[in-house]
Amino acid sequence: MLHSVRVDDRLTLHSTSTPCMEARKITKLVGRKGIEVIRGIDLSLYPGELAVLMGPSGSGKSTLLNILGLLDQPTEGELFIQGRGVERMSDRDRSRIRGREIGFVFQAFHLIPSLTVIQNVLVPSDLAHLSRKASVPRAHHLLERVGLAHRIAHFPSELSGGEMQRVAIARSLINEPSILLCDEPTGSLDSRSGEQIMTLIHSLTKEGGRAVLMVTHDPRWGDMADKHFEMCDGRIESLPMRRCNHDSTLHAA
Ligand SMILES: Nc1ncnc2c1ncn2[C@@H]1O[C@H](COP(=O)(O)OP(=O)(O)OP(=O)(O)O)[C@@H](O)[C@H]1O
Ligand SMILES: [Mg+2]
C-alpha cells in the first residue's frame with residue numbers, strides 16, 4: 001500500500017510519476033530447509049530520492065539489495081524497474097536492464113587489480129557493449145568529478161581506500177544508471193574519507209536525478225536522506241517519514 005504526504009503545494013511529483021524501482025511482497029528463502037531471510041518487502045524509489053536502509057547485522061539488507069539489483073532472484077514477489085516487471089524477462093533482458101539502469105557501490109570496492117583506474121571505470125560500459133567513443137569522455141569527466149583526474153593510469157594497489165571508493169563511484173555511474181544501490185560504501189573508510197564519499201554520492205546523485213538506496217550503519221546518512229527504511233528480522237519494520245529537502249512528496253510503501 002502506498003501512503004503519500006503532501007509537503008507543500010508545489011510538491012505533487014510522486015503522485016504522478018512512476019517509481020524507478022518498486023518491490024512488491026518480496027520474499028527470499030535460502031538453503032534446503034528454505035530459511036526465510038526476507039519476507040513481504042514492499043518498497044518504492046522515485047527519481048531524485050535518497051533512501052537509507054538500516055538495520056542490525058543479519059537482518060537481510062544485503063539480501064534485499066542483491067534482489068533489487070538483479071544479482072539474485074526472489075522466491076516470491078515482484079520487482080518493477082521503470083515500470084517493467086522483471087520476473088518474466090529473459091536472462092538477456094535482465095542483464096541488459098541491470099547494466100544500463102542500475103549502478104552498484106560496495107563496501108569492499110571490488111576493483112579489478114590488474115586494470116588501471118580508467119579501465120576499471122569503463123568495465124560496466126564494455127560489459128553493456130556501449131560505444132567507447134561516448135564512454136571514454138564520460139569516464140574522464142566522472143574521474144574529474146570524483147577528484148581523480150590525475151590518477152587515471154594508476155592501479156588500485158596505488159590508491160588509498162577513499163580513492164578506491166571514488167573510482168568505484170565513477171564506475172557505478174559510467175552507464176548513467178537511473179538507480180544507484182550502495183551497500184555500506186563508507187563501512188571500511190575512516191571518518192573523514194567516509195564523509196567525503198557521502199558528500200560525493202549525495203551531490204552526484206542529486207545532480208543526475210537518480211534514485212539511491214543506501215545500506216548503512218552510519219547515522220550521518222540519516223540527515224541526508226529523504227526516506228528511511230529500517231529492517232529487522234527480514235522485514236521492513238518501521239518507516240518513520242523523513243524530512244523532505246527536495247521537490248517531491250514523501251512516500252512509504
Ligand atoms: N545463501 C544463504 N544461505 C543461508 N543463509 C543465508 C544465505 N544468504 C543469507 N543468509 C542469511 O540471511 C541473513 C541475512 O543476511 P544479509 O547478508 O542479507 O544481512 P545484512 O543485513 O546485510 O547483514 P550485515 O549488516 O552484517 O551486512 C543472515 O543471517 C545470513 O546468514
Ligand atoms: Mg550486508
Side-chain angles (χ1 to χ4, degrees), residues 20-21 45 47-48 50 62 65-66 68-72 81-82 86 89-189 193-194 196-215:
C20 317
M21 177 174 272
L45 285 177
L50 173 58
S62 295
L65 214 70
N66 288 342
L68 298 178
L70 309 184
L71 298 173
D72 193 5
I81 294 179
Q82 302 297 359
V86 297
M89 278 181 192
S90 64
D91 286 350
R92 197 171 159 201
D93 283 351
R94 283 168 62 88
S95 302
R96 204 179 156 85
I97 207 160
R98 181 174 55 229
R100 305 233 171 149
E101 297 290 344
I102 302 170
F104 293 94
V105 182
F106 300 98
Q107 178 175 355
F109 324 130
H110 296 313
L111 299 181
I112 299 174
S114 58
L115 299 182
T116 63
V117 162
I118 191 155
Q119 286 167 341
N120 267 285
V121 172
L122 287 167
V123 166
S125 62
D126 290 345
L127 287 174
H129 305 294
L130 298 178
S131 141
R132 277 263 175 136
K133 202 172 165 193
S135 56
V136 168
R138 221 168 33 239
H140 279 279
H141 172 72
L142 282 165
L143 285 168
E144 207 167 292
R145 279 297 277 111
V146 301
L148 290 176
H150 59 302
R151 296 281 200 204
I152 57 169
H154 286 239
F155 288 91
S157 58
E158 298 166 330
L159 304 178
S160 69
E163 287 172 333
M164 282 195 267
Q165 195 58 300
R166 283 190 267 154
V167 176
I169 291 168
R171 178 184 59 186
S172 75
L173 299 175
I174 188 72
N175 292 350
E176 302 184 310
S178 54
I179 301 154
L180 187 66
L181 301 176
C182 306
D183 199 349
E184 304 196 42
T186 55
S188 49
L189 302 178
S193 309
Q196 285 173 351
I197 294 296
M198 287 163 80
T199 310
L200 196 57
I201 291 178
H202 187 249
S203 56
L204 284 172
T205 51
K206 289 289 170 189
E207 279 167 25
R210 292 186 178 84
V212 186
L213 182 59
M214 174 72 53
V215 169

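Atom CD1 of Ile97 is separated from atom CD1 of Ile179 by 8.0 Å, given to the nearest 0.5 angstrom. Rounded to the nearest 0.5 Å, atoms CZ (Phe109) and CG (Leu159) are 10.0 Å apart. Rounded to the nearest 0.5 Å, atoms CD1 (Ile169) and CG (Leu143) are 11.5 Å apart. The NE2 atom of His140 sits 10.0 Å away from the OG atom of Ser135 when rounded to the nearest 0.5 Å. In this structure, CG on Asp183 lies 8.5 Å from NE2 on His110, to the nearest 0.5 angstrom. How far CG of Leu71 is from OG of Ser62: 11.0 Å, rounded to the nearest 0.5 Å.
Contact annotation: the side chain of Arg171 approaches that of Leu111 to within less than 4.5 Å [non-hydrogen atoms, C-beta and beyond]. Side-chain contact between Ile102 and Ile81 is present, with heavy atoms from C-beta onward closer than 4.5 Å. Between Arg132 and Asp126, some side-chain heavy-atom pair lies under the 4.5 Å cut-off. You'll find the side chain of Val86 reaches within 4.5 Å of the side chain of Arg94, heavy atoms only. Looking at heavy atoms from C-beta onward, Ile152 lies out of side-chain contact with Val121 at the 4.5 angstrom threshold.
No side-chain donor-acceptor contact under 3.5 Å links Asp72 to the backbone of Asn66. Remark: the backbone N or O of Leu115 is paired with a side-chain donor or acceptor of Asn120 at under 3.5 angstrom. At distances below 3.5 Å, at least one donor-acceptor pair connects side-chain atoms of Ser90 with backbone N or O atoms of Asp93.
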Is there a side-chain contact (heavy atoms from CB on, under 4.5 Å) between Glu158 and Val117? Walk through the geometry before answering. CA-CA 10 Å; Glu158 298 166 330; Val117 162; over 6 Å; no
Give the C-alpha distance, both sets of side-chain angles, the deciding distance and a yes or no for side-chain contact (heavy atoms from CB on, under 4.5 Å) between Arg166 and Ile197.
-> CA-CA 7 Å; Arg166 283 190 267 154; Ile197 294 296; 3.5 Å; yes
Requested in this report: May I have the step-by-step check of side-chain contact (heavy atoms from CB on, under 4.5 Å) for Leu173 and Arg210, ending in yes or no?
Outcome: CA-CA 10 Å; Leu173 299 175; Arg210 292 186 178 84; 3.7 Å; yes
I'd like to know whether His202 forms a side-chain contact (heavy atoms from CB on, under 4.5 Å) with Met214, so could you lay out the CA-CA distance, the side-chain angles of the two residues, the decisive distance to 0.1 Å, and finally the verdict.
CA-CA 10 Å; His202 187 249; Met214 174 72 53; over 6 Å; no
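The minimum heavy-atom distance linking Ser193 with Gly162 is given by the pair CB-CA, 4.3 Å. Between Val212 and Leu45 the shortest heavy-atom distance is O-CD2, 4.1 Å. Here the closest heavy-atom approach between residue Val105 and residue Pro185 is recorded as CG1-CB, 3.8 Å. The two residues Pro156 and Pro113 have their closest heavy-atom pair at CD-O, 3.7 Å. Closest approach of Ser172 to Leu180, counting heavy atoms only: OG-CD1, 3.3 Å. Across all their heavy atoms, Cys182 and Ile201 have their closest contact at SG-CD1, 4.3 Å.
Residue pairs meeting the salt bridge (charged side-chain N to carboxylate O under 4.0 Å, His left out) criterion with at least one member in residues 137-154, sequence neighbours excluded, are Arg145-Glu207, Arg151-Glu163.
Annotation: side-chain hydrogen bond (donor to acceptor under 3.5 Å, both in side chains) contacts of Thr116 (sequence neighbours excluded): Gln119.
Using modelled atom types and a 3.5 Å distance limit, the side chains of Ser178 and Gln82 yield a donor-acceptor pair.
In this structure, Phe104 and Phe106 have parallel ring planes: the angle between them is below the 30° cut-off, well short of the 60° mark.
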